[in-house]
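Whatever order the structure lists ligands and atoms in, that order sets their numbers, starting from 1. Throughout, residue positions are numbered sequentially from 1 according to the sequence presented. These numbers come from the heavy atoms of this one structure, side chains and all, not from hydrogens, waters or symmetry mates.
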Amino acid sequence: MESLTVESIDTVIVDIPTVRPHRFSTLSIDHQSHVIARLRTAQGVEGIGEAVVPGGPWWGGESVESIKVMIDTYLAPTVVGQEVTRVERILAGMDRVAARNSYAKACVEMALYDAWGRAWGVPVHQLLGGLYRDAIPVTWALGAEDAAEVTAEAEELLAAGRHQSFKLKMGAAAPKQDVERVLAVARALGESASIRVDLNTAWDELTAQRWLPVLEDGGIDLIEQPVPGWNLAAMARLSQRLTIPVMADESLRSTHDAVEICSGNAADVLSVKVHKLGGLAAVRKVAAIAEAAGVPCHGGTSIETSVGTAAAAHVYCADPGVSYGSEIFGPLLLADDIVEEPLSYAGGELAVPRGAGLGVQLDLAKLAKFQRE
Ligand code: MN
């Protein structure tokens, strides 16, 4: 086997418009920014990594600008000269030079796995234990428009067989109007679709106590992160009170958080994400903790291009614990992509790519087109 020493890592920032505005509780985005890392080995094998923060630094503290500096100045020098196959050792080395910065580290780790898979001629899921499932269901994120418009979008997707479950963001409006809008969509769609809501930490416990039972009675199937991430006690009380699942997202940023949530019964489902947890290896560790505690994991997104979404598909399809479906719709929300053949979705599912490495090829013309000056 050839030696696979890392020779260089280069990064660029790209800005890609979205097909329509995407709203979070704190802001609305009309484009998404991504860091693309290109790792090259001494033998000329290239590995691609992507880092993306959903909408900006509000979610996790990192930004694409800080990620680029972190990789260029601090992480890349610890990786150059090492073997791409020694992923855990390289992760430990990055932890020694920089605390946290999980998005930047996940980007580098993704490039390592891609280069490793390409060099060996195997898809990344083969490096993660092989496929447990061939495809994963994908929930679609509905927009922030009024109930009638959102319902029309969902009905069109349902009729086309493109998605069966939908996630609505909440928290941007006052609770009463917010709940009324969501319930109007749920009433209109009836039994034909599953509706989940994500509060992105917008409510305090008293507001959640008042309004979550109304959402439950209105037919909502899942509540994601209603209260601040640190408030595991409130998450536990709300999970106990509701018969529908409460999912932890902002509460879960590390393996240690997974242990605390599972031992404290602070959520019914865990949202794993490649970037917030610090990479594919970290997703597997969190999924193993959750599986041991009898808690299913949902495959989350940070709204990646086909590069980061492919990485997520490999680990979510390799890991038995990611049994609660996914929301890896990034390429569908972006108006364009940076790979030659974007991932293809069918029947509400994404099939895992089968090519070597991540299984996607960078389109250099697209990369140049969207690259920030
Ligand atoms: Mn979320």
Student: Before accepting this row, confirm whether a basic side-chain N of the pair R241/E216 lies closer than 4.0 Å to the acidic partner's carboxylate O.
Tutor: no
Student: Under 3.5 Å, which donor-acceptor pairs link side chains of residues 272-282 to any protein atom two or more places apart or in another chain?
Tutor:
unit_1, atom_1, unit_2, atom_2, d
K273, NZ, D249, OD1, 3.3
K273, NZ, D249, OD2, 2.8
H275, ND1, E304, OE2, 3.3
H275, NE2, E50, O, 2.6
K276, NZ, D249, O, 2.9
K276, NZ, D249, OD1, 2.7
K276, NZ, L252, O, 3.1
K276, NZ, S271, O, 2.6

Student: Among all residues two or more places apart in sequence or in another chain, which pass the ring pair (Phe, Tyr, Trp, His ring centres under 6.0 Å) test with W140?
Tutor: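 Partners of W140 by the ring pair (Phe, Tyr, Trp, His ring centres under 6.0 Å) criterion, ordered by chain and then number, come out as H163, F329.
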Student: Test your reading of the model: is there a side-chain donor-acceptor pair from Q225 to the backbone of V227, 3.5 Å cut-off?
Tutor: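 Yes.
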Student: Does K169 come within less than 4.0 Å of D198, counting only side-chain N to carboxylate O?
Tutor: yes
Student: Under 2.8 Å from the Mn ion (ligand 1), protein N/O/S atom count?
Tutor: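 Total protein N/O/S atoms under 2.8 Å from the Mn ion (ligand 1): 3.
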Student: Tell me which pairs pass side-chain hydrogen bond (donor to acceptor under 3.5 Å, both in side chains) where either residue lies in residues 104-113, with sequence neighbours left out.
Tutor: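 Residue pairs with at least one partner in residues 104-113: D95-K105.
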